[in-house]
Student: 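What follows is a structure written as structure tokens; I'll ask about it next.
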Amino acid sequence: MAKHIFITGGVVSGLGKGITGSSLGVLLKNSGLKIFMQKFDPYLNIDPGTINPIEHGEVYVTDDGGETDLDLGHYERFIDVNLSKNSSTSAGRIYYEALEKERNGKYGGKTVQVIPHITEEIKQRIYKAELESQADVIITEVGGTVGDIESQPFLEALRQVRMERGKDNVMFVHVALLPYLKVSGEFKTKPIQHSVKELLNLGIQPDVIIARSEMEFDQKLKDKISLLCSIPVENVIECPDSDSIYKVPLVIEKWNLHKIAAEQLKLKLDNTNLEDWKKLVSNIEESKDVLTVHIVGKYVELSDAYLSVMESLKFAGYEIKKKIKFNWVNARKLTRENLESELSGAKGILVPGGFGEDGVEGKILAAEFARVNNIPYLGICLGMQIACIEFARNVLNLKDAHTTEINPNTKNPIIDIMEGKNTENIGGTLRLGRYVTSLKSGTLASELYNGDTAIERHRHRYEFNNDFRKIFEENGMVFSGIYTEKDLVEIIEYPKNEFFIAAQYHPEFTSRPNKPNPLFMGFVNAINKR
Ligand code: GLN
């Protein structure tokens, strides 16, 4: 039977509950325990696959093809395990499954209610995770803030789990804002007290409070929070803002959060080995020189939309002690007229994934600019597709070349739906998750991956159209990665340039601290060389 740590949030959202939970995961994992993480989100979408990235940040894709919340990316990057579809559950999914059961007569004529039926569904998810993960500790984060109407069924289910399993097996960690009032020059504990009261109303006494503040605070304040929230003073942990999220495990180690958890949950810890984290943090600190990457995307208003891409670039930068600066270029506004002024001086151009027509012509111009001026280029998913369209239009002179996603009537459908897929339904018809790419020997791809395969995650509907392979190859494009089973193009490269490579998959989902994905490492090295 696994032990459970439930992470709730108080006062405001956006405090980094995910980072805190992941950091605790890091400490426990590096003390010899097997960790699994999951997230419950109170929204009603069945999954985040169809939510606009501007609203909700990127869709993070798991090995098994789950389209999940971006917090799962943090979990994977921190605790370095591959999670699954089951690690992310929205209220929508819970209701959907309960209503499906209702339609199929599974409730035997009972009135279906939030309590007990929805809470039971939630509990089943938690217990199922125990079986599937075989973990020693499961860390579950509840999205949103305590007091939200939507999150109540989740909190009620967690309360019941604590009742069923007892305090030795279930711990509540409440991450809440401790605001600092500049006018009076003091911290205010009242919001934390109120949010703990909300929890108590739901029958939950938190065991640990993580006070998120702008800066460090003193013991007196901890005593006060302890007294007013009925929490042992050593369980009041301070977690001030940090200039890098990767420093947080070291911060909470200082306050022994892992030991507090181990004591309550009766877990045996080995010596905590944080050498890798210390190395990462010292690399971060030594990364002073700046390398600039131009990212040509369409969601540049919210960088969370490209979170994993950014983290992947940073990890690659840290390896060579370089700090990555992101130069966001709005693809929607890129035209032949302003192309030069927007991109001249670019040392590396990255075109990330995307869906739909918006910004596509701008991205095509960016790929052309990179190819013609021999600027290192990394294309991801749509970024590969547009590089192919650009090549077809400008090198092969197929002027109307396009993807059928945008122009279904083009005479030159360079990117098209390939065999065995349909276009009917926007949720659920993508090629999703982990596939094996075979790498052609002697290519840049095989050099970067240092081998003959790449196992990477996908999320797309369209593919390179094999009818055009020959003419591309005759003109210098190399198809260096193929999904052999279905003969689909996975990687293209253009060896005439110093570094021009693009993948149909999303390499950003397998980058880890101290282990950047090879494509990002190659790209950052190429920029550095310039
Ligand atoms: N829109 C493209 C497709 O569906 C690319 C998707 C992506 O970049 N993730 O194939």
Side-chain angles (χ1 to χ4, degrees), residues 5 7 16 18-37 60 62-63 70-83 87 133 135-139 141 210 237 239 242-262 267-289 291 307-324 448-451 455-457 507-522 524-525 528:
I5 298 176
I7 314 268
I19 304 296
T20 314
S22 308
S23 298
L24 176 55
V26 167
L27 299 182
L28 294 172
K29 184 183 172 187
N30 290 302
S31 309
L33 296 173
K34 186 165 179 209
I35 308 297
F36 183 76
M37 291 190 71
Y60 189 80
T62 52
D63 257 355
L70 58 75
D71 264 312
L72 261 76
H74 288 309
Y75 301 171
E76 286 206 350
R77 286 187 284 269
F78 272 71
I79 59 172
D80 192 21
V81 291
N82 293 331
L83 301 171
S87 310
S133 68
D136 301 310
V137 180
I138 298 179
I139 301 175
E141 175 190 352
I210 301 201
I237 307 257
C239 190
S242 166
D243 53 2
S244 164
I245 56 174
Y246 301 105
K247 292 184 182 169
V248 178
L250 302 182
V251 171
I252 62 171
E253 189 217 6
K254 196 167 89 186
W255 302 110
N256 289 320
L257 183 55
H258 54 316
K259 293 188 181 151
I260 292 168
L267 289 162
K268 258 194 68 170
L269 300 185
D270 298 342
N271 277 339
T272 312
N273 179 353
L274 289 174
E275 285 319 306
D276 283 353
W277 279 89
K278 288 184 181 146
K279 180 185 152 215
L280 173 70
V281 168
S282 85
N283 279 356
I284 293 175
E285 258 153 20
E286 286 167 35
S287 298
K288 296 262 184 314
D289 296 347
L291 290 184
L307 184 67
S308 294
V309 169
M310 293 167 70
E311 296 311 293
S312 297
L313 287 168
K314 287 187 204 164
F315 295 156
Y318 299 147
E319 288 296 303
I320 53 169
K321 309 225 164 99
K322 291 277 152 46
K323 194 170 162 169
I324 303 292
L448 294 174
Y449 279 93
N450 192 18
I455 301 173
E456 299 285 2
R457 301 180 192 172
E508 68 269 32
F509 298 136
T510 53
S511 275
R512 301 281 187 266
N514 299 326
K515 266 188 280 170
N517 177 286
L519 293 187
F520 284 95
M521 195 64 243
V524 166
N525 275 330
N528 192 36

Student: Can you list the residues that meet the ring-ring contact (aromatic ring centres under 6.0 Å, His included) rule with Phe509, with sequence neighbours excluded?
Tutor: Tyr60, His506
Student: If you compare all heavy atoms of Asp71 against all heavy atoms of Gly18, which two are closest, and at what distance to 0.1 Å?
Tutor: OD1-CA, 3.7 Å
Student: Rounded at 0.5 Å granularity, tell me how far CE in Met521 sits from CD1 in Ile320.
Tutor: 5.0 Å
Student: Who passes side chain to side chain donor-acceptor pair (under 3.5 Å) against Lys29, sequence neighbours left out?
Tutor: none
Student: CG/Leu83 to CG/Leu72 distance, rounded to the nearest 0.5 angstrom?
Tutor: 5.5 Å
Student: Of all heavy-atom pairs between Gly25 and Ile79, which one has the smallest distance, and what is that distance?
Tutor: C-CG2, 3.6 Å
Student: Do we see a donor-acceptor contact under 3.5 Å between the side chains of Ser511 and Glu311?
Tutor: no
Student: Is the side chain of Asp63 donor-acceptor paired with the backbone N or O of Asn82 at a distance under 3.5 Å, no angle test?
Tutor: no
Student: Check Val524 against Ala316 and note the closest heavy-atom contact, atom names and distance.
Tutor: CG2-CB, 3.7 Å
Student: With side chain to side chain contact (heavy atoms under 4.5 Å, CB included) as the test, would you mind laying out the steps for Asp136 and Leu28 before giving the verdict?
Tutor: CA-CA 10 Å; Asp136 301 310; Leu28 294 172; over 6 Å; no
Student: With sequence neighbours left out, what residues match Glu76 under salt bridge (Lys or Arg N to Asp or Glu O under 4.0 Å)?
Tutor: Arg457, Arg512
Student: Would you compute the distance between atom CG of Leu291 and atom NZ of Lys323 and round it to the nearest 0.5 angstrom?
Tutor: 12.0 Å
Student: Looking only at heavy atoms, which two atoms of Ile35 and Val81 are closest? And how far apart?
Tutor: O-CG2, 4.3 Å
Student: Find out whether Lys321 and Ser287 are in side-chain contact, i.e. whether some heavy atom of one side chain is under 4.5 Å from a heavy atom of the other.
Tutor: yes
Student: Enter the distance from Phe78:CZ to Leu24:CG here, rounded to the nearest 0.5 Å.
Tutor: 12.0 Å
Student: Give, for atom CD1 of Ile139 and atom OG of Ser22, the distance between the pair rounded to the nearest 0.5 Å.
Tutor: 7.5 Å
Student: Quick one: OG1 on Thr510 to CG on Asn517, what's the gap to the nearest 0.5 Å?
Tutor: 4.0 Å
Student: How about Leu519 and Glu456: do any of their side-chain heavy atoms sit closer than 4.5 Å?
Tutor: no
Student: Does any non-hydrogen side-chain atom of Lys515 lie less than 4.5 Å from one of Phe315?
Tutor: no
Student: Which heavy atom in Cys239 sits nearest to a heavy atom in Val248, and how many Å separate them?
Tutor: SG-CG1, 4.2 Å
Student: Scan Thr20, Leu27, Ile19 and name whichever one has a side-chain contact (heavy atoms from CB on, under 4.5 Å) with Ser23.
Tutor: Ile19
Student: Going by side chain to side chain contact (heavy atoms under 4.5 Å, CB included), name the residues that satisfy it together with Ala261, two or more places apart in sequence or in a different chain.
Tutor: Ile5, Met171
Student: Please tabulate, for the side chains in residues 270-281, all donor-acceptor contacts under 3.5 angstrom to protein atoms that are two or more places apart in sequence or on a different chain.
Tutor:
residue	atom	partner	partner atom	Å
Thr272	OG1	Ser31	OG	2.9
Thr272	OG1	His258	NE2	3.4
Asn273	OD1	Glu275	N	3.0

Student: Hey, does the side chain of Lys34 reach the backbone of Ser133 with a donor-acceptor pair shorter than 3.5 angstrom?
Tutor: yes
Student: Between Phe520 and Val309, does a side chain to side chain contact (heavy atoms under 4.5 Å, CB included) hold up when you go through it step by step?
Tutor: CA-CA 9 Å; Phe520 284 95; Val309 169; 4.2 Å; yes
Student: Do Arg77 and Ser308 meet the criterion of a side-chain donor-acceptor pair at a distance under 3.5 Å?
Tutor: yes
Student: Going by the salt bridge (Lys or Arg N to Asp or Glu O under 4.0 Å) test, which pairs reach into residues 245-256, not counting sequence neighbours?
Tutor: Asp243-Lys247, Lys247-Glu285
